[in-house]
Amino acid sequence: MRQRGRVDLDLVERAAGQPRGDAARVTLHRAQEHGEQRDRQQRGHDRGPDQGSQHAGSAGARHARRDCSTRAPRTSTVPVAPAWRARRRFATILPPMDHDEQPRDDLYRIRHSLAHVLAQAVLQLRPGSTLGFGPPIDDGFYYDFILSAPLSEEDFPELEKRMKHIIKQGQAFERDELPAAEALRRIEGMNEPYKRQYAEELIQKRGLASLSFYKNGSFLDMCEGPHVENTRKIPEGCFKLRSIAGAYWRGDSRNAMMTRIYAWAYASKEELEAKVKAYHEALARDHKKLGRELEIFVIDEDIGKGLPLWLPNGTVLRDELEKLAKELEFKAGYVRVATPHLTKADLYYKTGHLPYYASHMYPVMELREQVDGESVVKESYYLKPMNCPHHHRIFASRKRSYRELPLRLAEYGQVYRFEDGGALSGLLRVRGMCMNDAHIYCTEEQAHAEFLAVMELHRQCYEILGLSDYYMRFSTWDPTDPKGKEKYIDDPEGWERAQSIVRDAMERSGVRFVEGKGEAAFYGPKIDVQFRTVTGREETASTNQLDFGVGRRLGLTYVGSDNKEHTPYIIHRAPLGTHERFIAFLIEHYAGAFPTWLAPVQVRVITVADRFDEYGSKLVASLRERFVRAELDTSTDTLNKKVRNAVTEKIPNVLVVGEREQQDGTVTLRRYGEPRQETMAFAAFEARLHAAIATRSRGLPA
RNA sequence: GCUGGCGUAGCUCAACGGUAGAGCACCUGAUUUGUAAUCAGGCGGUUGCGGGUUCGAAUCCCAUCGCCAGCUCCA
């Protein structure tokens with residue numbers, strides 16, 4: 001069960017991507033416009049306060065916060081986001097739309113009206129059911145019910161038939177606006193307890209003086225509209241019931257479980273069909289499917305839920321990403337550290353994780369000994385759910401001077417979080433994950449440049465990977481949050497300063513972002529990078545947080561030029577998130593066809609007949625000599641079959657060699673996805689290949 | 001965690017109260033092939049696990065494990 005205790009640790013933070021349970025407000029900053037938006041969107045469960053889940057970004061984010069230590073070269077070589085301003089690659093997917101922001105256009109009306117039509121059909125089929133919410137959503141609409149008898153997808157044809165019938169009847173949507181008291185009386189008569197509860201909230205908490213109702217045919221609903229004037233305005237064949245699932249009333253597991261029916265709906269039959277088709281095609285990129293087919297990872301029941309086994313192909317991806325991170329971080333002045341997977345329980349009491357975060361950690365390991373015939377606990381250990389406390393201890397390993405700041409400690413650290421079983425999903429949400437983690441300890445004066453440098457590091461990573469389908473979310477502190485003082489560091493001035501540092505850095509970088517008020521980490525504001533999976537779920541890939549509170553809490557200090565002790569700012573960041581989530585993301589991004597530098601098998605040599613295998617072996621040996629992942633296909637398959645296999649495995653470079661090539665010392669290159677093949681000297685191919693790998697380019701430069 | 005659906009060979013699936021099958025993969029043999037599946041044979045499942053109903057269970061029931069989807073995109 002989920003507990004709702006609040007921890008104030010970073011962990012607590014919802015991990016990235018997590019949906020936050022509270023209604024947070026988000027402001028969209030696009031160039032100059034500001035729009036109000038809310039980020040609900042997440043479809044994950046609310047992992048809000050309680051759950052810290054997630055890795056990747058989230059993880060990064062959340063975890064990170066704790067203390068550490070070590071010294072880094074006090075270089076001043078940090079590149080300060082220069083290039084960033086000019087590029088426009090960020091944020092090409094649209095952030096979630098706020099309820100109050102959605103355009104009430106025709107499509108909105110159609111979807112909203114269809115939700116009422118669905119409800120009417122459901123009430124016909126299951127009289128006595130009660131209603132929850134039924135809003136339009138990004139790709140259609142849904143409606144929540146407490147059904148008088150269960151429905152399943154098998155009932156969809158019947159429901160759709162009834163819906164079509166209702167539409168054909170040409171029911172008019174009639175709006176009725178009643179003063180609060182009268183509205184409540186009417187709702188009372190409707191026998192809709194959830195609607196009533198919400199109506200009371202609207203009147204009492206939001207101060208609405210009146211409520212509106214819409215009636216079409218036999219169906220009456222409290223609803224703000226707008227709707228189409230008549231069901232005939234709903235285009236024929238523009239919707240399709242999609243799925244049925246449970247959903248808690250108001251997304252809160254303490255509330256009743258309702259049944260939610262989702263449907264797709266678009267402005268025309270053609271558009272609907274195109275979208276549904278695109279959706280099904282997108283499923284072919286699902287990382288769970290490709291992960292199995294391309295032998296990247298498996299999740300073995302005998303090992304445990306959420307604990308992936310990385311197969312050789314997947315391990316190549318991890319190694320290459322780590323190599324990339326090490327190179328970029330080295331250039332950005334980071335130093336690497338390594339810390340153990342286990343930690344004494346005491347540390348987590350100091351950081352504040354225990355006992356609040358305990359439900360998201362694997363149970364304690366206790367070393368016992370016999371004392372007077374009784375078994376007593378001598379020492380207790382936990383698997384670490386984040387790397388920050390370890391890094392903070394490294395920072396604290398000796399006295400620190402301002403002269404060695406900023407100190408940037410980096411580690412691809414393995415952490416374990418006990419996520420809810422129902423939340424686990426392939427590599428996207430796991431219980432064991434390896435984070436591209438780092439903590440930067442710096443002075444307040446350095447924080448701005450360091451944060452910019454972190455954003456620049458993000459830009460570099462994303463540019464190399466060709467990622468552009470994401471948006472950034474700036475999560476800030478909400479001074480009016482009723483739980484503020486227990487949840488967040490109580491230091492309004494500190495928040496203001498930290499937020500202005502981040503906001504300014506973001507604005508200077510020119511990156512588009514949305515603002516989520518009330519979504520900050522407990523110790524500071526953060527920037528999360530949000531993306532969507534092929535199935536449309538939003539997740540956090542990367543996270544960056546400016547922590548002004550934990551250093552103080554843990555007594556981390558450095559000696560300043562004034563010979564006094566000061567508390568460092570700490571930036572927690574994870575541009576590549578966790579291997580688990582990030583690779584899931586990359587598999588879907590590339591549809592399994594990785595660029596040469598990342599590909600598990602970079603070159604497959606196929607001979608026309610086995611008498612050319614010796615020549616093929618020489619090619620492979622030459623390539624492997626310089627660390628190219630090349631291999632010779634020695635199977636007895638036909639040439640056609642070998643080519644087919646290489647294509648199926650999405651190998652980026654296939655070399656076909658036979659009599660001609662052997663004689664001329666050439667190779668015939670067949671690039672994945674390119675119909676044209678090309679014969680060239682082997683030396684020329686090698687040079688191009690090495691160039692492609694060295695520059696991590698997507699193609700093979702000429 | 002909760003709601004619902006689903007677990008048949010390594011993979012994708014069929015059999016839906018009456019002897020558990022196919023394709024691919026794998027193994028063996030033949031084939032030595034110039035760009036997306038050569039031919040033949042073979043191996044492979046106590047139908048996730050455990051109970052129950054039944055003359056008989058992969059099919060029905062219960063429990064359990066696992067997987068998938070959903071769990072505010074608020075009237």
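In the text below, chain A, chain B and the rest are named by the order of the sequence lines, each starting its count at 1. Basis for what follows: all heavy atoms, side chains included, without hydrogens, waters or symmetry-related copies. Everything numeric here is computed off the predicted structure, so don't read it as measured data.
A cation-pi arrangement is absent between A:Arg126 and A:Phe145, since the terminal nitrogen or guanidinium carbon is not both under 6.0 Å from the aromatic centre and inside a 45° cone about the axis. Judged by the 6.0 Å distance and 45° axis criteria, A:Arg431 is not positioned over the aromatic ring of A:Tyr416.
Distances shorter than 4.0 Å separate some side-chain N or O of A:Arg537 from OP1 or OP2 on B:G70. A:Tyr262 has a side-chain polar atom (N or O) that falls below the 4.0 Å cut-off from OP1 or OP2 of B:C71. Applying the 4.0 Å criterion to OP1 and OP2 of B:U32, one finds that A:Thr607 has every side-chain N and O outside that range. Listed pair A:Lys641 / B:U31 fails the phosphate criterion, with no side-chain N or O lying under 4.0 Å from OP1 or OP2. The side chain of A:Thr638 contributes an N or O atom lying less than 4.0 Å from OP1 or OP2 of B:U38.
A 6.0 Å sphere centred on CD of A:Glu201 holds more than 12 heavy atoms belonging to other residues, nucleotides or ligands.
Within the nucleic acid shown, A:Glu649 has no heavy atom closer than 4.0 Å to any nucleic acid atom. Nucleic acid contact class of A:Ile244 (heavy atoms, under 4.0 Å, all strands): none. Here A:Arg660 lies in heavy-atom contact (under 4.0 Å) with a base. Within the nucleic acid shown, A:Thr668 comes within 4.0 Å of at least one base atom, counting heavy atoms only. Here A:Glu201 lies out of heavy-atom contact (under 4.0 Å) with every strand. Using a 4.0 Å heavy-atom distance criterion, A:Arg260 is classed as a sugar-phosphate-only contact. Residue-level contact check: A:Asp610 touches the bases, meaning some heavy atom is under 4.0 Å from a base atom. Residue A:Ala609 is in base contact, counting any heavy-atom pair closer than 4.0 Å across all strands shown. Among the protein residues, A:Thr636 comes within range of the nucleic acid bases, having at least one heavy atom under 4.0 Å from a base atom. Among the atoms of the strands shown, base atoms are found under 4.0 Å from some heavy atom of A:Leu208.
Using a 4.0 Å cut-off between charged nitrogen and carboxylate oxygen, A:Glu200 and A:Arg196 count as a salt-bridge pair. For A:Arg676 and A:Glu678, the salt-bridge test fails: no basic side-chain N is under 4.0 Å from an acidic carboxylate O. Taking 4.0 Å as the cut-off between side-chain N and carboxylate O, A:Lys642 and A:Asp637 do not count as a salt-bridged pair. Look at A:Asp286 and A:Lys288 and you find a salt bridge, because one of the NZ, NE, NH1 or NH2 atoms lies within 4.0 Å of a carboxylate O, short of that distance.
You'll find the side chain of A:Tyr194 stays beyond 4.5 Å of the side chain of A:Asn255, heavy atoms only.
A:Arg604 pairs with exactly one of A:Ile651, A:Leu655, A:Asn653, A:Val656 by the side-chain contact (heavy atoms from CB on, under 4.5 Å) rule, that one being A:Ile651. Screening A:His287, A:Arg285, A:Glu539 against A:Thr533 for a side-chain contact (heavy atoms from CB on, under 4.5 Å) leaves a single residue, A:Glu539. Put simply, the residue from A:Arg242, A:Lys240, A:Arg111 that forms a salt bridge (Lys or Arg N to Asp or Glu O under 4.0 Å) with A:Asp139 is A:Arg242.
Rounded to an integer number of Å, the gap from CZ of A:Arg242 to C1' of B:G70 is 10 Å. Taking atom OH of residue A:Tyr615 and atom C1' of nucleotide B:G34, one finds them 15 Å apart after rounding to whole Å.
A donor-acceptor pair under 3.5 Å links the side-chain atoms of A:Arg109 to the main chain of A:His227, judged by distance alone.
Counting only Watson-Crick and G-U wobble pairs whose two key distances fall under 3.5 Å, RNA chain B forms stems of three or more stacked pairs at B:1-7 with B:65-71, B:10-13 with B:21-24, B:26-30 with B:38-42, B:50-52 with B:60-62.
Contact of A:Tyr142 with B:G70 (side chain to base): no donor-acceptor pair of N or O atoms is detected under 3.5 Å.
For RNA chain B, the residues of residues 192-199 of chain A within the heavy-atom distance limit of 4.0 Å (strictly under) are A:Lys195, A:Tyr198, sorted by number. Residues of residues 279-310 of chain A that place a heavy atom closer than 4.0 Å to RNA chain B, in numerical order, are A:Lys288, A:Arg292, A:Glu301, A:Lys305.
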